[in-house]
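Keep in mind that this is a model prediction, so the values were computed, not measured.
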Amino acid sequence: MNETGYGIFAARMLPKDEPFVQGHRACQGCIPALMLRQITKAIGRDLIVCSATGCMEIISSPYPFNAWGVPWIHVAFENAAAVASGVEEGIEVLRRKGRFYTGRKPAVLALGGDGGTMDIGLQALSGALERGTDFVYVCYDNEAYMNTGIQRSSGTPMGASTSTSPAGRVSTGQVTWKKNLAEIGVAHNIPYVATACPSYPFDLMAKVKKAVEVKGPALLHVFAPCPTGWRCDANSGIKLGRLAVESGLFPLFEVVDGQHKISLDPATMRKSSQDPIGEIAGYLFQQGRFRHLKGRDELIQAIQERVRLEWQKLKAKTER
Amino acid sequence: MKNRIEVGKPVGIEVSIAQSEVVAQCDVDVIAAYPITPQTHIVEHLAEIVADGDLDAAFIPVESEHSAMSACVGSSAVGARTFTATCSQGLALMHEILYIASGLRLPIVMSCVNRALSAPINIWGDQSDIMAERDTGWVQIFTENGQEVVDQTICAFRIAEDRRVMLPVIVNLDGFSMSHVIEPIRFYDTKQVRGFVGVYQPPLRLDPAQPMMFGPVGIPEIYTEAKKANDVALIESRQVIEEVWAAFAREFGNAYRALETYRTDDAEYLLLTVGGMSETASVAIDALREQGVKVGQVKLRLWRPFPHDDLAALLGKARGVFVFDRCLSTAGPGGPVASEVKTSLYNLRERPLVVGFIGGLGGRDVTVQQFADMVHKGIGYVAAGAAPVYEMVGVRE
Amino acid sequence: MKTKLNPTWRELELGCTVVEAGTSAEYKTGDWRSFYPKTDEDKCIACGVCYLFCPDHSRHIAPRKKKVEGAMYTHYFDFNFQFCKGCGICAAECPTGAIVMIEEGKK
């Protein structure tokens, strides 16, 4: 048994139960939907899900087609964490009074996209983290408001063309850097923060399990490619997740009780010492949203520099 | 739970404190609230009761009213008896979630300590806040003194949680002029109160043993039906409200009606008021009666479901109805209460002239004399056969 | 599915709640597909990567045994074409190149 909690990395050893059910209406090749499959497999059915408005909400709940095998509630866009606070505290008090939920306490999972988490839902998330709500918050980050038609969010990366940060004759797309959600979580001094990506399913599932087991708030920032919004092939989501992690664009790490630990060091995975720009370009140019950056080497260089800087910052935190 | 306050005879107590004491008597499980003047005393005192161990409840100190109502939706969806309090900007911030609480049929009880809306910012009483939430699908009850606040709060839990209703309820009281005033209030035995409200048993809840989906996407094929179901539930809640008030009268002595009347028997003119200023208006009615003016008073207690038929029956025979609103519907058809009263009467073959007065905005006092003046003016309009859309009371020209 | 597709307002559950779990399984997304995956059984080593990465879990574990080049493989992962949307992740991620995407209507 290694630290991921799984003895053997084999698909057939995973829980066979699928609490996230077939027939959901996610686009072809949707990685957030795959993430839900992996997360619910890891947690099982002793679970209550509080969903923010967003892709994963609408694709799983058009009346009367319920894609969930576990209890699920959607209230609004910006408040999944606040709803989860009410659910968790309600369960706790009913347990204490012996009125309901008297067996094992169900896990409470709040779900939001990058917009629902980093933009409109950030206040409610901060409140729930600060109050110590015993829940897991999962942000599935597909880097824009995909549900409403690919508008930019604070999770959209520098240079990406979206419908509200379009590349144009004088614009190179998004002009701001992606918000660092995990470190916002860390700043709340909560017991568990991690980044994950469905391209690394065993790592993701192990982190989800840890997040559930921890007493108090846990935050998971999941990098979840969206072929529709990223203007790439439907079959490329897993590959793009892998490239983002390997290039250092989206490092996988966890922070347990304030202690940073890198889950996967990209340096160990590179086959050759390629030109840094080449590394990022390999990721960027498989996606239509970055197509306009061809020939804009300065911007690509700046992105590469930023990746290196962020990686160094992260690395320094692990060495404290 | 022992009685924290002497029962059976009136005790002098601040109305906010009284309401929180009675909420504790109702054995709420979850309170999620955010502070806003003049609601603060209610939630502060509830926090104290929980902190002293006299109420076994979760007090969730949320970071906004939006999250307060969201947390209430969450706790109510797992079957916890849930209470919150707010007003004004806080209520406006909750606006979005109010529709969802009623749409999901969650029996949350909320105290709304009526206060003006910005701008300019104003922390004092009027009814602009609640009038903006008219169509949110909640049962909405008004009170005019501390005893009514206590009684209606008890009733609110039983109304909300009745299987035939399953809707959230707002109990309205005036900011400051009621919430911060010490009044003589009679409390009831805690055991008796708990017996009256019972233990909440939700028909549906978020339960892994029986997984359900709360809040699916209401596609066009289902949205109309969902709205119709909620509307019928709110209309039909009237029957249960009457039953609960009747049961309350039997159990605790005080009787309540959707429309309270004062000296209306032979009245040719009626003054219609809502909330705490009704008592001032009643004093004006007494003075006018002494002058021989045939005027009576109707006090609207139930704002939603709106008692259209009762109003038509009660007001239809009068020569003039003078409606006092503490809210302005800017450039609209007058005050919101006056508009609805006009709607209730419009289809009658013969109907009184309805005159709308607007005053008491943002904590501005309205005197007995001003209420008397409204009646005299109203009678003048009836004699002339026409009235302006509305008239503002006490404004400096 | 007991829940009606187009109920009257009286038939709706309280708060428009869907009291049945997993009803989406009655909505077959397979007809979205324009390409379908085909497995070369000779190349398949039953690793389950296709199962692991399928967003629509249109793979299910099908226990059967097969000997390939002296090694015994168990637990194959069969396609469920009722739900496969044809995204092609399985073909892209298959480590042995056993899965190819073929246009619907062709063999």
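Contacts of Leu47(A) with chain B are made by backbone atoms alone, with heavy-atom separations under 4.5 Å and no side-chain atom involved. Heavy-atom distances place the side chain of Leu94(A), and not its backbone, under 4.5 Å from chain B. The part of Val93(A) that comes within reach of chain B is its side chain, from C-beta onward, which places non-hydrogen atoms under 4.5 angstrom from that chain. Of the atoms belonging to Phe100(A), it is side-chain heavy atoms, and not backbone ones, that fall under 4.5 Å from chain B. Using a 4.5 Å cut-off between heavy atoms, Arg131(A) touches chain B through its side chain atoms alone.
Counting all heavy atoms, side chain and backbone alike, Leu206(B) lies closest to Ile48(A) at O-CD1, 3.7 Å. Of all heavy-atom pairs between Tyr63(A) and Pro216(B), the closest is CD1-CG, 3.8 Å. The two residues Val30(B) and Gly90(A) come nearest to each other via the heavy atoms CG2-CA, 3.9 Å. Closest heavy-atom contact between Gly86(A) and Ile60(B): CA-CD1, 4.0 Å. Here the closest heavy-atom approach between residue Ile219(B) and residue Pro62(A) is recorded as CG2-CB, 4.2 Å. The two atoms that bring Pro106(A) and Pro208(B) nearest to each other are CB-CG, 3.7 Å, heavy atoms only.
A distance of 4.5 Å separates OG in Ser64(B) from CD in Gln123(A), rounded to the nearest 0.5 Å. Taking CD from Glu78(A) and OG from Ser70(B), the interatomic distance works out to 6.5 Å, rounded to the nearest 0.5 Å. Atom-to-atom distance recorded for Glu63(B):CD and Ser126(A):OG is 7.0 Å, nearest 0.5 angstrom.
With respect to chain A, the highest number of heavy-atom pairs below 4.5 Å among Glu96(B), Met69(B), Glu221(B), Gln201(B) belongs to Glu96(B). Of the listed residues (Glu88(A), Glu92(A), His74(A), Glu130(A)), the one with the most heavy-atom contacts under 4.5 Å to chain B is His74(A). Your options are Gly218(B), Ala57(B), Cys72(B), and the one with the most heavy-atom pairs under 4.5 Å with chain A is Ala57(B).
You'll find the side chain of Val217(B) reaches within 4.5 Å of the side chain of Glu57(A), heavy atoms only. Residues Met213(B) and Trp68(A) form a side-chain contact, since some pair of their non-hydrogen atoms from C-beta on lies under 4.5 Å apart. By the 4.5 Å heavy-atom criterion applied to side chains, Tyr101(A) and Val78(B) are counted as neighbours.
Between Arg96(A) and Asp29(B), none of the side-chain N atoms (NZ, or NE/NH1/NH2) sits under 4.0 Å from a carboxylate O, so this pair counts as no salt bridge.
Under a cut-off of 6.0 angstrom, the local environment of CD in Glu44(B) is crowded, with over 12 non-hydrogen atoms contributed by other residues, nucleotides or ligands.
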